[in-house]
Trainee: 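Starting off with a structure, shown below.
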Protein chains: 4
Amino acid sequence: MKALVLEEKLRLSLREIELPREMGTRDVLIRVARVGICGSDVHYYKHGRIGPFEVKQPMVLGHEAAGIITAVGSEVRDLKPGDRVCMEPGIPDLASRASREGHYNLDAAVRFWATPPVHGCLTGEVVHPAAFTFKLPAHLSLAEGAMVEPFAVGMHAAGKAGVKPGATIVVIGAGPIGVMTALAALAAGAGQVLVSDLFSEKLAIAAQYRGLTPVNIRSESLAARVIEVTAGWGADVIFEASGSPKALEGIFDLLAPAGTLVLVGMPPEPVRLDVVAAQTKEARIETIFRYANVYPRAVALLASGKVDLKPLISAVFPFEQSISAFERAAEGRPADIKLQIALEESAA
Amino acid sequence: MKALVLEEKLRLSLREIELPREMGTRDVLIRVARVGICGSDVHYYKHGRIGPFEVKQPMVLGHEAAGIITAVGSEVRDLKPGDRVCMEPGIPDLASRASREGHYNLDAAVRFWATPPVHGCLTGEVVHPAAFTFKLPAHLSLAEGAMVEPFAVGMHAAGKAGVKPGATIVVIGAGPIGVMTALAALAAGAGQVLVSDLFSEKLAIAAQYRGLTPVNIRSESLAARVIEVTAGWGADVIFEASGSPKALEGIFDLLAPAGTLVLVGMPPEPVRLDVVAAQTKEARIETIFRYANVYPRAVALLASGKVDLKPLISAVFPFEQSISAFERAAEGRPADIKLQIALEESAA
Amino acid sequence: MKALVLEEKLRLSLREIELPREMGTRDVLIRVARVGICGSDVHYYKHGRIGPFEVKQPMVLGHEAAGIITAVGSEVRDLKPGDRVCMEPGIPDLASRASREGHYNLDAAVRFWATPPVHGCLTGEVVHPAAFTFKLPAHLSLAEGAMVEPFAVGMHAAGKAGVKPGATIVVIGAGPIGVMTALAALAAGAGQVLVSDLFSEKLAIAAQYRGLTPVNIRSESLAARVIEVTAGWGADVIFEASGSPKALEGIFDLLAPAGTLVLVGMPPEPVRLDVVAAQTKEARIETIFRYANVYPRAVALLASGKVDLKPLISAVFPFEQSISAFERAAEGRPADIKLQIALEESAA
Amino acid sequence: MKALVLEEKLRLSLREIELPREMGTRDVLIRVARVGICGSDVHYYKHGRIGPFEVKQPMVLGHEAAGIITAVGSEVRDLKPGDRVCMEPGIPDLASRASREGHYNLDAAVRFWATPPVHGCLTGEVVHPAAFTFKLPAHLSLAEGAMVEPFAVGMHAAGKAGVKPGATIVVIGAGPIGVMTALAALAAGAGQVLVSDLFSEKLAIAAQYRGLTPVNIRSESLAARVIEVTAGWGADVIFEASGSPKALEGIFDLLAPAGTLVLVGMPPEPVRLDVVAAQTKEARIETIFRYANVYPRAVALLASGKVDLKPLISAVFPFEQSISAFERAAEGRPADIKLQIALEESAA
């Protein structure tokens, strides 16, 4: 099977590779059609590791995928060949305590695509459990299907926050996860969402959406803006999606009493937290790790037309140009929200 | 002061009446501009009572109001003469235990407009606490301002339900509260909302809104439709907004496992509840009583443009024709979602 | 394998029966030591069915069990032969949507001991998934281990209620589930728990526990007592554990504003619910179906000494006298809270 | 009126001072009987300020109080002269948005005893709103009544945590707030509570309570102990009650997946928070600011006998020796959990 293989740090090949293909009775076989490039894929490409996860042997990249079912196991009931689907890339041990409690994303034994030593999905076909494979409605494209994975992160963040209808929300960071979190918060009921960043290119993309208000913190104070739009009360929820240690400085000044801060971004080092400032607001701080039980509702939201992720697909590369796609992703152009790879032209 | 007075059951006068006008340091004086007619107003008109609340002496009607501030008490900071505002019609004892716990709507000593023996607001001017008076943004009309009160009921119901983004919702009953609850649920994140009723006129109004799907239960089974759109899983939340005792029959067949039923409608008699059916789904049943702490976010949602209530205003009557307005409201025409009375033409 | 077999309604045999014994890599083999008799066992014995579940062929009874591990599958890590354990009697499909969401008790495909056509555990040995088998600390007896199952129902009810520390609680019904719910609520923080019943024998058993106050509703008004002990505020949580349709009459008079009613008992027919009375208190009504994710904390509570269930074991019968045990259980003596069957004398 | 006056940093007088005494219709007059010395009182004594709150003019100290009502305003219904009571020391603006939402502790305009420029209660008599004055049951002493205030902090922390029955809890810091938080968590359902500290004297006091397990982090690893007692799963809730910046180092290693960290202690500077470690556990972090709506249930818990705070009263000083009491408190003896001042001998 041909696949995009990270041989080692900074060395990609598009080549044949032997991949496990045993299919259980509750699995499906999927012809991969579209794969989005995630920041973590790029990070493995550039650095060969993320924290404790190190690329020690060649690994197929990619985990944001949609495709078409080509075969199903004997016990699969709700899916059939020809169905267009998107896939959750993590396969937990469903019998673990974390999984039984509904937090399968926290199961320590989870096998997640393109997280060493588990291969990703930038290849022609993958075997996947039916339980983590979700049918796309007829009018959702495979391109949108491949956006469900990063959108699920935003959905999970919005779900943790418990956004109340009409709430005022701040999202710090207008990268792909920031914008998708902002869109999830908007869909979850936000009356208005301020999205802050340093790059006007990123903010311009967020600003296309009605309900998202860009704030360029190079030219204006986010705190002042929040105080103004909330008449001094503060934001009901703040999503930190930049991962910048500086983002937490004075953050509780922006927060409403009894408000919630959701830490979505992953700062490389421990950050400074002003505990007393948080206490004065009696802030609740939520953290998220990927997502769980979000896909069906994420697909429903896209299908409803309430959320349109197509404007976030900045460019699409054919599978044969996967390496170029990664090179461009590695450039980190501010206006590139999401790059995708199309494995079969007709499928998109 | 001229007012619309319910002298006794079935007898209305538009006449001068002496009303209390002492203004405290934290009160505001408001020139009333628009008042919506609520089902409870009509019920007092037709029956002279609602449960234990009996009209024993002449009472001014009306509690869904917007107006313009004409004077403010010495301690009022956030409002000033000329501000266009809407008002929460219930004034609780803020020192009561229920109020201190954040449930001021459950305070037994609450004084609520047009609930005997408390006068309503269908009169030229009212004194009201600043804490329960909310400024309307410039682009919201006073007509929309007078819709905030019934919309707050829907917002409160949606808040209790904890609608998750992308959820599938059912609203039983397409009257004013049903439609406003459906719109609140949609704003709160619903992916799709099925609204059921027996009257096609009512459903036609709901159907104007993208995201609301009408289901006429004269011609099709709501249960079958829910099972179809949710692939057998059931609705995440059901709002019962008809008050019909029949609405609860078999209702848990429509509900998803661990789903929520919110009882918004007020059936005149106890209803039959299938406890074992509820337990099999481990259903949570929420009830609501008016609303609390909802106005700021309701105004924000209307201001954001995410919710447009103007299509629900079926007709507007000048103050001088208030009695005609009530007579029409008493007819209960299916297509009349909300009738309003305009106290000053220029204000609307 | 010898087992207590319900051949058909009203006919029990203690006889050899062929039982499935294939053991998977994640299963354990358990020598059954103690089994409690549940109301549902007795109901199958007397009526041959519970709702849609009908005994159509001989079925082994029993699902409240503790025992000793005799063998473990190759992938089992946390258990070993010799471990004393208790078992959750329901085995769900862990890949179902309900299970993935943390509600494995609501999975429609669950296989639950002694629920037709699934055999129970009143037999010498059973195979069970390690994931639903829980080790007992050294100082907990197997007799107590067999009490974990019914106690888990009370724990689940208390968990749903969200009992706040110092809360005033009412439990209606002093049967086994009522008392165990009362003890769970007490352990969950209740300041005081009123337990009501018609039978003084049952109440006398509840009254042994400090913190449980018996109220015999033959001789005094529960409502009056609640109003007295709460200075008019009402109970924070009411657990309905009698299953009596009359229990819901006027029940919201006892409830505090924003209080919670948990429906634990299973009335045979739909009951009358006063919706408006519930709304006036803005009551939340929770229902429960068995339990999920409760065993580890239930065992921890028993191990801590905070909850002592031994006084609720009314009598213990040797396995050979199982039929006599069921005959006595079928008598329904008020003072019999829990009857147990000891499969091996030395194990208890 | 004689009072204990902090004239300025490090200078106390027991002298006559003019205090406001206007009594409103909903106020009560209370003869102060017992006052506990809080760390904040000592901090004002030693440093003359806490953060932005600076002692600029003489201020009466003390805010943990119980007393006896000597007069009531004309609208007070639930209290009468002779009632033994404890008092919430903060008087919020009940009409503020924070108060209306149930978070009156977060109202910026709150007037809190012994927080500059508001006088405290170490004086003969105080006027207080009835709404923040709570009757003590007959068998609770005034000494215990004066413990309700610090215990309320622990109750509020336990409430925020949402301790599930049978949970394993860690409390870092065995000072007065740490121990009271541990006792609140135990009462709220904890199966076991590990309390850690550096001082064996403090731990010895905690160890008197069944259910509290002391861990001296000078001699053993808290992390290792938590891993051991939870079989590797981690603590369900950790309360940080030391205020030490070092306490957060590696703290998420101790936490169960989806567990909760409650920040009770107030570190003088921002602390380092390992965001990625928190995310891996999907930790929720709660902060608290004093308490709200806790007193009635705190009094109920003490009255129930489930929580006994008397062992925490290390010494009692007569009013005339108040200055000595503060000098001793300022020593910070490890075994001094709570020092109290008795204003009238017969009252205690």
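Naming: A, B, ... by sequence-line order, numbering from 1 per chain. Keep in mind that what you see is a predicted model, and the values were worked out from it rather than measured.
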Trainee: Relative to chain C, which of Asp236(D), Leu186(D), Val307(D), Val299(D) shows the most heavy atom pairs under 4.5 Å?
Mentor: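 Answer, by heavy-atom pair count under 4.5 Å with chain C: Leu186(D).
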Trainee: Could you look at Ala298(C) and say if it's the side chain, the backbone, both or neither that has a heavy atom under 4.5 Å from chain D?
Mentor: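 Neither part; nothing is under 4.5 Å.
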Trainee: When only pairs under 4.5 Å are counted, which of Gln192(D), Met155(D), Arg210(D) shares the most heavy-atom pairs with chain C?
Mentor: Arg210(D)
Trainee: Highest number of heavy-atom pairs under 4.5 Å with chain D: which of Ala231(C), Gly189(C), Gly162(C)?
Mentor: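 The option with the most such pairs is Gly189(C).
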Trainee: So, does Lys306(D) use its side chain to make a donor-acceptor pair with the main chain of Ala190(C) at under 3.5 Å?
Mentor: yes
Trainee: Check this for me: Lys160(C), atom NZ, are more than 12 non-hydrogen atoms of other residues, nucleotides or ligands nearer than 6.0 Å?
Mentor: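 Counting other residues, nucleotides and ligands, NZ of Lys160(C) exceeds 12 neighbours.
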Trainee: Counting only heavy atoms not in Asp308(C), do more than 12 fall under 6.0 Å of its CG?
Mentor: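 It does: Asp308(C) CG has more than 12 such atoms within range.
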Trainee: For each of Ala300(D), Ala188(D), Ala158(D), tally heavy-atom pairs with chain C at distances under 4.5 Å, and name the one with the top tally.
Mentor: Ala188(D)
Trainee: Where is the tightest heavy-atom contact between Pro165(C) and Leu301(D), given as atom of each residue plus distance?
Mentor: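 The pair with the smallest heavy-atom distance is CB-CD1, 4.0 Å.
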